[in-house]
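Some notes on the structure that comes next.
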Protein chains: 2
Amino acid sequence: MSKRRISIQDIARRAGVAHTTVSRALRDNPSISPKVREEIKQLAQEMGYVPNGIAQSLQNQRTNTIGVVVTSIADPFFAEVVEGIEKIAQAAGLSVLLSASHQDVEREIAAINNFHRRRVDGIIVADSHISKQHLQQIAEIAVPTVLLNSQTEELAQFQFVSIDNLLGAQLAVEHLIQLKHTAIGYIGVSNRTRSNQQRLEGYRTALIAANLPQNSDWVAISKAEYTTTSDVDTGLQMLSGLINAGVTSIFCYNDMVAIGALLACQKLSISVPQELSLVGFDDIALARYVTPSLTTVRQPMLEMGCCAAQMLLDLLQEKSVENRVLSPFLVAGGSSRQI
Amino acid sequence: MSKRRISIQDIARRAGVAHTTVSRALRDNPSISPKVREEIKQLAQEMGYVPNGIAQSLQNQRTNTIGVVVTSIADPFFAEVVEGIEKIAQAAGLSVLLSASHQDVEREIAAINNFHRRRVDGIIVADSHISKQHLQQIAEIAVPTVLLNSQTEELAQFQFVSIDNLLGAQLAVEHLIQLKHTAIGYIGVSNRTRSNQQRLEGYRTALIAANLPQNSDWVAISKAEYTTTSDVDTGLQMLSGLINAGVTSIFCYNDMVAIGALLACQKLSISVPQELSLVGFDDIALARYVTPSLTTVRQPMLEMGCCAAQMLLDLLQEKSVENRVLSPFLVAGGSSRQI
DNA sequence: CTGAAAGCGCTTACAG
DNA sequence: CTGAAAGCGCTTACAG
């Protein structure tokens with residue numbers, strides 16, 4: 001906080017009143033006479049008074065702050081989510097403390113505990129990897145919490161907003177089926193257990209519903225650790241295996257994986273969509289700018305952030321809150337075509 | 001802060017000591033006997049005590065928090081910058097309050113004032129648009145502040161880290177000159193006054209140094225307002241004008257503009273780099289994934305964030321701090337080739 | 001080695 | 001309409 005700042009005490013001395021009167025005047029308490037009130041406000045202005053929010057927080061038992069944990073800030077998905085959260089929070093007069101977990105449970109917990117110490121009013125955790133044992137620990141902090149696309153089974157104690165991964169995967173695969181593809185592959189990532197599992201399940205469900213064959217060689221799940229480029233690498237590395245197994249189209253866990261696959265195709269001179277159709281997931285900005293643009297399943301990232309923030313606001317006002325499972329939809333791009 | 005949490009008072013009562021003893025024990029004050037200290041720590045643990053950071057902040061006159069203002073969180077450039085800032089801050093035990101200004105001076109100022117109220121220990125402002133009159137006002141808050149790629153002339157009172165735009169532009173244009181281009185255009189954006197001006201100047205300097213012609217029809221500066229897609233739109237819209245004016249290559253204000261230009265080329269069936277060479281600026285992840293990949297001038301975004309955060313840390317420890325002007329460098333991609 | 005006191009800067013019943 | 005008191009939860013000289 002650097003050098004000493006002026007306080008209501010300082011103003012009180014100059015005005016010849018009690019500091020408590022200053023406090024009331026500044027907060028427009030009607031019991032203070034208009035004359036005194038104006039004088040004090042004037043004085044406060046002149047003296048460059050800025051209320052100490054920390055002292056107010058201590059007294060009011062409210063910090064007007066929410067804590068947000070994401071896997072990575074630079075990840076385009078989370079960047080958009082945070083943008084949405086901040087927008088709603090700012091409009092409601094709340095500030096956002098932001099922390100990155102880098103998919104490390106320990107760091108995720110550390111961030112949450114840090115928020116707890118700082119007495120944030122609420123917490124949003126995106127892509128949470130907290131395991132059951134830890135959940136116990138976290139539950140004790142009793143701060144309103146909203147999970148966004150949680151990677152763990154939501155225990156009843158937390159609110160959540162998430163995307164319908166099963167539906168999304170089905171939309172993707174059904175799209176390929178409509179385009180007459182019968183040899184459809186899936187490239188996934190194991191480090192996002194739950195959503196990967198759900199998308200894989202949606203993939204299988206769609207194939208079964210269409211009476212199409214499944215082949216274990218058509219499914220590749222990367223075991224790579226999460227980094228900024230790991231998903232692209234996954235696409236790059238897994239592509240040839242599926243091609244060799246004879247697929248004519250691939251549903252990818254997300255757009256970054258799809259872009260990796262696309263890059264691999266360029267290297268191998270496989271033309272997309274002529275020789276191979278590709279479908280991604282997320283609809284990050286990138287998806288529109290690669291060539292060909294990606295067919296993908298859109299998650300409304302900004303809206304999901306807004307929604308999580310709004311749920312948290314409602315929780316803070318003790319309104320009743322309903323969990324939300326948002327429906328994704330298909331965005332047709334240039335990376336898929338009829339066989 | 002929701003329900004009442006346990007305090008050192010609660011622990012003190014249970015332990016039969018003064019709360020001040022609890023405070024000391026918990027902070028490993030050597031004057032407390034080992035026995036008592038352990039008992040208290042044990043008790044605190046059992047009771048699930050979590051120190052109230054707000055109260056500590058008030059007492060210590062230090063919040064261990066820094067405030068960060070960026071134009072937009074979802075912008076890939078700032079997302080990386082914030083990632084770097086958060087990384088350094090987290091390692092130093094500081095938390096990050098994040099706010100988006102959307103290039104609105106009023107919101108930028110509001111964010112800074114909000115940080116002031118909250119008594120952050122330091123502030124980082126990226127892409128600041130504060131005008132001189134406002135600077136006055138901001139200067140009064142007397143919080144250690146670091147500007148990152150400021151769009152206003154730095155007054156001596158603030159520390160800063162920035163990129164050498166002049167050099168970057170020269171590198172870009174010299175690259176095109178080396179490739180035998182003689183009709184070289186520039187597409188810029190007016191809403192980032194200073195960096196646009198500097199890049200334009202670097203462009204001109206390079207042309208003059210090489211004795212190449214300049215043509216006012218070869219330079220297009222968009223007046224669009226800043227949005228998530230405005231830079232891409234700029235590239236999209238400005239391209240044809242320059243093509244008609246006969247350029248064989250274009251240096252773009254940044255990668256998003258270059259990608260817009262690239263998309264326009266695709267629409268107009270102009271092949272890049274065969275018929276037109278394109279050079280961007282920034283080297284955002286996107287640049288590597290479009291086709292062809294972009295030749296661009298790399299700003300080390302992550303490092304710039306880290307650097308700004310480190311400078312702020314040094315300021316907080318009252319170390320002497322030197323402003324930094326980082327040098328960008330050319331990254332050759334597939335979007336440029338010899339004429 | 002431990003406690004009582006003062007104080008960080010505010011807010012809000014409670015008196016007058 | 002205004003002030004003195006108490007308190008939010010902590011820390012740290014100052015006594016003992």
Side-chain angles (χ1 to χ4, degrees), chain A residues 1-41 43-44 47-65 116-121 141 143, chain B residues 1-41 43-44 47-65 116-121 141 143:
Chain A
M1 302 194 203
S2 76
K3 52 191 65 174
R4 221 154 148 302
R5 293 207 166 66
I6 73 136
S7 68
I8 53 172
Q9 273 291 6
D10 300 323
I11 300 175
R13 266 191 289 272
R14 282 269 287 267
V17 298
H19 74 281
T20 150
T21 299
V22 174
S23 171
R24 280 193 267 253
L26 260 23
R27 332 191 79 245
D28 283 322
N29 184 315
S31 74
I32 299 294
S33 75
K35 179 164 164 292
V36 174
R37 193 190 318 173
E38 284 319 309
E39 280 174 15
I40 289 176
K41 283 192 168 184
L43 204 50
M47 297 173 72
Y49 173 69
V50 176
N52 185 323
I54 297 297
Q56 292 176 317
S57 291
L58 181 59
Q59 176 61 240
N60 298 336
Q61 300 288 90
R62 198 159 200 292
T63 54
N64 293 312
T65 307
H116 183 196
R117 283 185 63 132
R118 289 170 179 273
R119 298 299 192 260
V120 297
D121 297 328
I141 73 176
V143 173
Chain B
M1 301 193 203
S2 76
K3 52 192 65 176
R4 223 156 145 300
R5 294 208 165 66
I6 73 137
S7 68
I8 55 172
Q9 273 291 7
D10 300 323
I11 300 174
R13 268 190 289 273
R14 281 269 288 267
V17 297
H19 74 280
T20 150
T21 299
V22 174
S23 171
R24 280 193 266 252
L26 259 22
R27 333 191 78 248
D28 284 324
N29 184 315
S31 74
I32 300 293
S33 75
K35 180 164 162 290
V36 174
R37 191 190 321 172
E38 283 318 310
E39 278 174 15
I40 289 177
K41 284 193 168 184
L43 204 49
M47 297 173 72
Y49 173 69
V50 176
N52 184 322
I54 297 296
Q56 291 176 318
S57 291
L58 182 58
Q59 176 61 238
N60 298 336
Q61 301 289 87
R62 197 155 202 293
T63 55
N64 292 313
T65 307
H116 182 197
R117 284 185 61 130
R118 290 171 178 274
R119 299 298 192 263
V120 297
D121 296 328
I141 74 176
V143 173

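Bear in mind the structure is a predicted one, so any value in this text is a computation, not a measurement.
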Only pairs with both distances under 3.5 Å count, Watson-Crick or wobble alike; so what is the partner of C:dA15 in this structure?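 C:dA15 is paired with D:dT2.
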
Record whether the side chain of B:T20 comes under 3.5 Å of the base of C:dA5 through a donor-acceptor pair of N or O atoms. no

Distance-only donor-acceptor test (3.5 Å): side chain A:H19, base D:dT2: no

Kindly give the heavy-atom pair with the smallest separation between B:R118 and A:T63, and that separation in Å. NH1-O, 3.3 Å

Base, sugar-phosphate alone, or nothing: which one does B:S33 contact when heavy atoms must sit under 4.0 Å apart?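 It contacts sugar-phosphate atoms only.
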
Between [X] and [N], is there a side-chain N or O to OP1/OP2 distance below 4.0 Å?
| X | N | result |
| --- | --- | --- |
| B:R5 | D:dG9 | no |
| A:Q61 | D:dG9 | yes |
| B:T21 | C:dT2 | no |

For [X] and [N], what is the distance between atoms [atom1] and [atom2] respectively, to the nearest whole Å?
| X | N | atom1 | atom2 | answer |
| --- | --- | --- | --- | --- |
| A:I11 | D:dT2 | CD1 | C1' | 17 Å |
| A:R37 | D:dC1 | CZ | C1' | 11 Å |
| B:R24 | C:dT2 | CZ | C1' | 7 Å |
| B:R119 | C:dC8 | CZ | C1' | 12 Å |
| B:I8 | C:dC8 | CD1 | C1' | 14 Å |
| A:R27 | C:dG9 | CZ | P | 17 Å |
| B:N60 | C:dC8 | CG | P | 13 Å |
| A:R62 | C:dC10 | CZ | C1' | 17 Å |

When you measure from the side chain of A:R14 to the backbone of A:A44, do you find a donor-acceptor pair of N or O atoms at a distance under 3.5 Å? no

Do A:N29 side-chain atoms and A:S31 backbone N/O form a donor-acceptor pair below 3.5 Å? yes

What nucleotide among D:dC1, C:dT11, D:dC10 has an atom nearest to a side-chain atom of A:S31? D:dC1

By nearest atom, which of the nucleotides D:dG3, D:dT11, C:dC8 is closest to the B:Q56 side chain? D:dT11

Name the residue closer to the 5' end of DNA chain C, choosing between B:A55 and B:A18 according to the nucleotide with the nearest heavy atom.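 The 5'-side residue here is B:A18.
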
Go through the steps for A:T65 and A:R119 under the test side-chain contact (heavy atoms from CB on, under 4.5 Å), then give the verdict. CA-CA 8 Å; A:T65 307; A:R119 298 299 192 260; over 6 Å; no

Mind checking whether A:I8 and A:Y49 have side chains closer than 4.5 Å, heavy atoms only? yes

